[in-house]
Structure formats: structure tokens, C-alpha cells
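Below you'll find the structure, written out as C-alpha cells, and then a few comments.
Model, not experiment: these values are computed from the prediction. All chains are named by letter (A, B, ...) in the order of the sequence lines, taking the proteins before the strands, and each is independently numbered beginning at 1.
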Protein chains: 2
Amino acid sequence: MHKYPGQTRLLVAVDCIIFGFDGDALKLLLIKRGFEPEKGKWSLMGGFLQPDESLDNAANRILKKLTGLEGVFLEQLKNASAPQRDPVERTVSVAYSALIDLNKYKEQISSEYHAEWFLLSKKPGLIFDHDKMVEDAIRKLRYNATMHPILFELLPDKFTLPKLQNLYEAIYDTQFDKRNFNRKILSTALLVKQKDKDKSSSKKGAYYYKLDKKKYAANFRSFLHFIPNPDHLLR
Amino acid sequence: MHKYPGQTRLLVAVDCIIFGFDGDALKLLLIKRGFEPEKGKWSLMGGFLQPDESLDNAANRILKKLTGLEGVFLEQLKNASAPQRDPVERTVSVAYSALIDLNKYKEQISSEYHAEWFLLSKKPGLIFDHDKMVEDAIRKLRYNATMHPILFELLPDKFTLPKLQNLYEAIYDTQFDKRNFNRKILSTALLVKQKDKDKSSSKKGAYYYKLDKKKYAANFRSFLHFIPNPDHLLR
DNA sequence: ACAAAAGTGTTCTAAGTACACCCATGC
DNA sequence: GCATGGGTGTACTTAGAACACTTTTGT
């Protein structure tokens with residue numbers, strides 16, 4: 001089995017950073033670590049790479065096992081590889097991030113699994129270097145969302161333009177002009193207006209929209225520039 | 001040492017994809033693999049992650065050991081992790097890419113080290129999944145270069161606008177209007193015009209420019225859009 | 001004198017931004 | 001009838017794209 005002589009083998013872990021949106025604020029899914037060290041502290045959902053799987057497979061397996069989720073937007077981020085990052089044993093961790101519509105899975109996740117949603121603004125301190133991994137993931141999410149329509153992953157099938165605007169404002173921690181926002185969004189021709197309205201947050205009600213799934217899949221990589229200078233977000 | 005019981009340890013490798021530009025065409029640095037299997041075949045510059053180093057450290061160490069290069073633009077790309085990608089033993093490889101001014105290091109590299117430059121268009125087939133890793137790296141390079149002034153890493157200290165345009169045209173395999181190109185480039189205020197000219201490729205001669213190093217470092221993340229729709233490049 | 005590459009300016013179009021009022025409804 | 005959030009249009013500014021002629025100089 002060990003055919004390259006004189007080399008060190010080590011553990012490869014996958015840690016999943018899962019963002020959820022409930023219509024108002026951005027949240028993060030965390031679990032209480034079930035084994036030593038740091039047992040009982042909050043942690044990202046993680047696991048070790050198995051002999052017969054790729055990293056993508058491992059990320060999907062771990063996400064499913066710990067949350068029941070399948071088929072979500074899952075992106076490989078940078079690796080965490082400082083030699084002492086796991087005090088127990090040398091482990092290189094590969095970060096993945098996922099985006100989900102929180103309402104869709106809220107009960108399922110919190111009842112069947114020992115995971116909890118935290119407001120990003122009220123996130124507890126995490127084990128090892130997980131805090132930094134989350135920071136990086138947020139930065140990457142913001143960056144990606146400037147150029148790609150990924151944020152729709154965080155909304156229900158039917159949503160209103162004000163809700164969508166809330167989401168963008170939550171992610172960028174800023175305010176947009178609704179006229180310009182609506183015009184930009186609709187100019188993508190990615191949304192289909194519905195006949196019915198959501199009256200839960202106003203008397204007048206706001207029209208529901210649905211994603212045009214075909215166009216969404218096809219145009220995923222040609223979106224628009226929501227944020228004038230996306231670059232400051234990466235540093 | 002093995003304190004997480006029941007888990008598989010494996011090798012973590014770093015492979016470096018090194019791009020060079022000689023003023024005309026984009027090249028790739030390869031070495032002949034020195035050990036079995038696939039000994040004697042062309043390969044990326046790689047090595048295994050050592051116990052006491054991070055991945056970034058390993059990439060820099062390997063690059064220096066195999067080429068003598070230090071302090072170049074080195075970016076972590078995605079991992080290659082298919083279970084059978086290395087037929088000898090399970091290995092996860094982390095790809096890094098670097099950009100260098102080929103003329104600056106040409107002799108050093110090819111004499112002291114057993115590495116060779118290949119025109120990208122005439123690259124031989126590589127071992128394992130290295131061909132795919134190179135493809136991904138090119139795609140990422142093109143994408144990054146649409147928004148960041150990274151391509152200056154590929155040019156000498158003094159260069160002319162036509163040479164810079166050649167570089168962009170080589171990377172995107174396309175043609176630009178020189179009026180628009182010059183205007184765009186100069187509008188960044190990142191270049192400082194020199195008094196002397198390069199007469200090697202015309203009678204009239206083209207003015208040299210130098211990078212304003214301070215502005216380059218500061219403005220690295222606010223560049224311009226050279227390529228109308230950068231997104232098709234990622235897939 | 002001419003070939004070969006360098007350099008330069010204007011017009012048009014598209015996208016972003018700023019900005020203010022009317023609409024529909026539940027209370 | 002009024003308070004609340006939803007919806008819409010216009011003028012301005014900026015950036016990109018298309019496009020052709022003049023300049024320099026070695027031969």
C-alpha cells in the first residue's frame with residue numbers, strides 16, 4: 001500500500017460551511033462536536049476523506065449525513081493546512097460551502113440532526129481555525145454573488161423582489177435603491193412573474209416571482225455586476 | 001501519533017503549474033518525472049507535503065527546489081482527488097499556479113534544473129490527471145486576468161504597450177483594438193512612461209513603460225474588465 | 001520613397017446611478 | 001382616511017466598442 005517510500009501520510013478532512021437565509025438574515029449551520037478534543041464546542045460540519053471517494057463525494061456525503069441535504073450548490077474553497085491547526089494530529093482540511101433556503105429544511109435539520117442555525121452576527125467562537133474558514137467563505141460568497149446568480153439558491157421557489165433585495169442587502173450589509181435593483185434583476189430575464197402576491201409583509205402585497213430554471217442553468221455564468229467594485233471584498 | 005482511530009491517512013501532494021511568457025507566446029514549464037511509475041514522462045513540478053509545512057510553504061519549497069524561483073505570484077487552485085488518480089497510492093494533489101517572466105529565468109532554469117519550457121500549443125501529454133489540472137489552471141488564469149492586473153508578472157520590468165497587448169492576445173487567443181487597449185491600460189494609472197524606446201520590433205520604436213509598484217500592490221484588487229463576459233471562460 | 005509598426009481622437013451605445021411620486025390595501 | 005410597504009420612469013454620467021489616419025524611421 002505505501003509505495004512511495006519515506007513520505008508522511010496524513011488525514012484529509014472536509015468541512016462544510018452552510019449558509020441559510022430565512023427571508024431576513026443570513027445564518028450559518030453549526031454542530032456541537034461529538035468527540036474529543038473540543039468535544040461539545042461548536043464546529044463546522046466535517047468528516048474525514050474515505051479511501052474510495054473524491055473530495056466532492058466526501059463533501060456531499062458529509063452534508064447529507066449531518067443535515068439530510070442533497071443536491072445543493074456546493075463549492076470547494078481553499079484548504080486549511082497549517083501544521084498545528086488540529087492539535088491532535090496533522091490534518092489538512094478542505095472547505096466546502098453550500099447555500100440553502102433555510103425555511104425549506106429548518107425542521108428537518110434541527111430535529112433529526114444535532115445542528116443549529118446561528119445568525120451570522122451572533123455566531124459563537126468555533127474550534128480550531130474554523131472561524132477563519134467561515135470568514136473566508138463569506139468573502140468568497142460575496143464575491144461570487146457579484147457576478148453569478150447564486151443567491152437564488154437561498155430563496156424558496158416562489159419569492160418576491162423585496163425579499164430578494166433583503167437577501168442582497170443582508171449579504172452585503174448595505175442598502176440598494178429598489179428601482180434600480182428591480183430593473184437590474186428583471187433585466188436578466190431570469191425571473192417569471194406570478195399571478196399571486198405575498199401579503200405577509202405589506203397590505204398591498206408583493207408579486208411572487210419564480211426562477212426560470214432553464215435560463216438559470218444556461219446563464220449561470222453570465223450575470224451582472226451588482227457591486228461596483230467586487231474586488232475589495234476578497235481582501 | 002494516530003489519535004483519530006479508524007481513519008485512513010494518505011499522501012498530500014502539491015503540483016505547480018508554471019506559466020511563462022517570452023514576449024510572443026505563452027509557455028508552460030514541465031519536468032521529466034524522475035521515479036516510477038511513469039518515469040521519464042512529462043509531468044508538472046510536484047512533491048509531497050511535509051509534516052512541518054503548510055501547503056503554501058510546500059508549494060514555494062517545491063517551486064524553488066525544482067526551478068530556483070522565489071517570491072512569485074503563486075495561487076492555490078482546486079484539489080485533484082479522484083481515488084485512482086495516482087495508480088501507485090492514494091494521493092490528493094493540491095494545484096498551485098505561478099506566473100513568471102520567462103526571459104528572466106530562462107537559462108537558470110534550463111541549465112541548473114531538468115525542466116523545459118513548452119509552447120502551450122505544443123504541450124506533450126502529461127502523467128496522471130495533470131493535463132486536466134493544466135486546463136483548469138489556464139481557465140482560472142484567464143478568468144483572474146479579466147479582473148486583476150496579474151499579467152504584469154509575466155513581463156520584464158520594462159515593457160512596451162504592444163508587448164503587453166501581445167500577452168493579452170496570447171492568453172485570450174484573440175485580437176484587441178490597440179486604441180481601446182492602450183486607453184484602458186493607461187486609464188488604470190498603473191503604468192509609468194519611460195524616456196527610452198524599444199526598437200527591436202519596429203523602426204519607430206515603442207516607448208517603454210514600468211509598473212508603478214506601489215499602485216500595483218495597492219490597486220491589485222480593483223482592475224478593469226478586459227473581457228466582456230469573463231464567465232464563459234470558467235466552463 | 002516606402003514599408004512597418006506606433007501612436008492618437010471621436011462618435012455611438014449600454015449600463016449604472018440618482019432621484020420622487022403614485023398605488024393598493026388593511027386597519 | 002391614513003399608514004405601510006410595493007411599484008414605476010426619467011435624466012445624467014460613465015465605460016466600452018467601433019472605427020481610420022498620421023508619425024517615425026530604417027532600409
Side-chain angles (χ1 to χ4, degrees), chain A residues 23-24 145-149 155 158-170 172 174-209 219 222-232, chain B residues 23-24 145-149 155 158-170 172 174-209 219 222-232:
Chain A
D24 294 317
T146 61
M147 313 259 303
H148 303 285
L155 291 168
K158 266 166 48 171
F159 53 87
T160 65
L161 294 184
K163 291 285 183 209
L164 183 60
Q165 186 172 346
N166 281 352
L167 172 57
Y168 274 90
E169 292 181 344
Y172 293 105
T174 183
Q175 304 279 105
F176 294 101
D177 180 287
K178 64 184 169 183
R179 290 162 291 190
N180 295 337
F181 183 86
N182 290 0
R183 178 148 25 84
K184 259 188 193 172
I185 286 285
L186 294 176
S187 78
T188 63
L190 245 45
L191 299 191
V192 183
K193 193 173 190 170
Q194 305 301 114
K195 297 268 176 239
D196 50 337
K197 285 182 160 188
D198 168 24
K199 299 211 168 184
S200 67
S201 57
S202 79
K203 336 240 158 157
K204 184 178 178 182
Y207 281 107
Y208 281 115
Y209 285 80
N219 295 2
S222 55
F223 203 46
L224 17 90
H225 297 271
F226 272 99
I227 307 299
N229 242 336
D231 296 295
H232 72 276
Chain B
D24 295 317
T146 60
M147 311 261 302
H148 303 284
L155 290 168
K158 266 165 51 171
F159 53 88
T160 65
L161 295 183
K163 290 285 183 210
L164 183 60
Q165 187 172 346
N166 281 352
L167 171 57
Y168 274 91
E169 292 180 344
Y172 293 106
T174 183
Q175 304 279 105
F176 295 100
D177 180 286
K178 63 183 169 184
R179 290 163 291 191
N180 294 337
F181 184 86
N182 290 1
R183 179 149 22 85
K184 259 188 193 173
I185 286 285
L186 294 177
S187 77
T188 63
L190 246 44
L191 299 192
V192 183
K193 194 174 190 171
Q194 306 301 113
K195 299 267 176 238
D196 50 336
K197 285 181 162 190
D198 167 25
K199 297 210 168 185
S200 67
S201 58
S202 79
K203 335 237 161 164
K204 185 179 179 182
Y207 281 106
Y208 280 115
Y209 285 80
N219 295 3
S222 56
F223 203 47
L224 18 90
H225 297 271
F226 273 99
I227 307 300
N229 241 336
D231 296 296
H232 72 278

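To the nearest angstrom, C1' of C:dA5 lies 13 Å from CG of B:Leu161. When the P atom of D:dG6 is taken as reference, atom CZ of A:Phe181 falls 12 Å away, rounded to whole Å. Distance CG (B:Asp196) to P (C:dA6): 16 Å, rounded to an integer number of Å. With rounding to whole Å, B:Lys184 atom NZ is found 18 Å from C:dT8 atom P. Spacing between atom NZ of B:Lys178 and atom P of C:dA4 amounts to 14 Å, rounded to whole angstrom units. Residue A:Asp198 contributes atom CG, which lies 15 Å from atom C1' of C:dG26 at whole-angstrom precision. In this structure, CD1 of A:Ile185 is placed 13 Å from P of D:dG7, rounded to the nearest angstrom. Here the P atom of nucleotide D:dC19 and the CZ atom of B:Phe176 are 16 Å apart, to the nearest Å.
The two residues B:Ser202 and B:Ala206 have their closest heavy-atom pair at OG-N, 4.5 Å. Scanning both residues, B:Leu161 and B:Phe181, for their nearest heavy atoms gives O-CE2, 4.1 Å.
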Requested in this report: Report, as a single string ordered 5' to 3', how protein heavy atoms within less than 4.0 Å touch nucleotides 9-15 of chain D: B base, S sugar-phosphate only, - not at all.
Outcome: BB-----

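For B:Lys197, the salt bridge (charged side-chain N to carboxylate O under 4.0 Å, His left out) criterion is met by no residue, not counting sequence neighbours. Every residue was checked against the side chain to side chain donor-acceptor pair (under 3.5 Å) condition with A:Gln194, not counting sequence neighbours, and none meets it. The salt bridge (charged side-chain N to carboxylate O under 4.0 Å, His left out) check on B:Lys204 picks up nothing, with sequence neighbours excluded. With sequence neighbours left out, the salt bridge (charged side-chain N to carboxylate O under 4.0 Å, His left out) criterion links A:Arg179 to A:Asp177.
With values rounded to the nearest 0.5 angstrom, B:Phe176 atom CZ is found 8.5 Å from B:Tyr168 atom OH. Note that CZ of B:Phe159 is 5.0 Å distant from CG of B:Leu191, once rounded to the nearest 0.5 Å.
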Query - Steps toward salt bridge (Lys or Arg N to Asp or Glu O under 4.0 Å) verdict (B:Lys163, B:Asp198) - result: CA-CA 10 Å; B:Lys163 290 285 183 210; B:Asp198 167 25; 5.1 Å; no

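The residue among A:Asn182 and A:Ser201 whose nearest nucleotide of DNA chain D is located toward the 5' end is A:Ser201.
Here C:dT8 is the nucleotide among C:dG7, C:dT8, C:dA20 with the atom lying nearest to any side-chain atom of B:Lys193.
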Protein-nucleotides 24-27 of chain D N/O pairs under 3.5 Å:
unit_1 : atom_1 : unit_2   : atom_2 : d
D:dG26 : OP1    : B:Lys199 : NZ     : 3.3

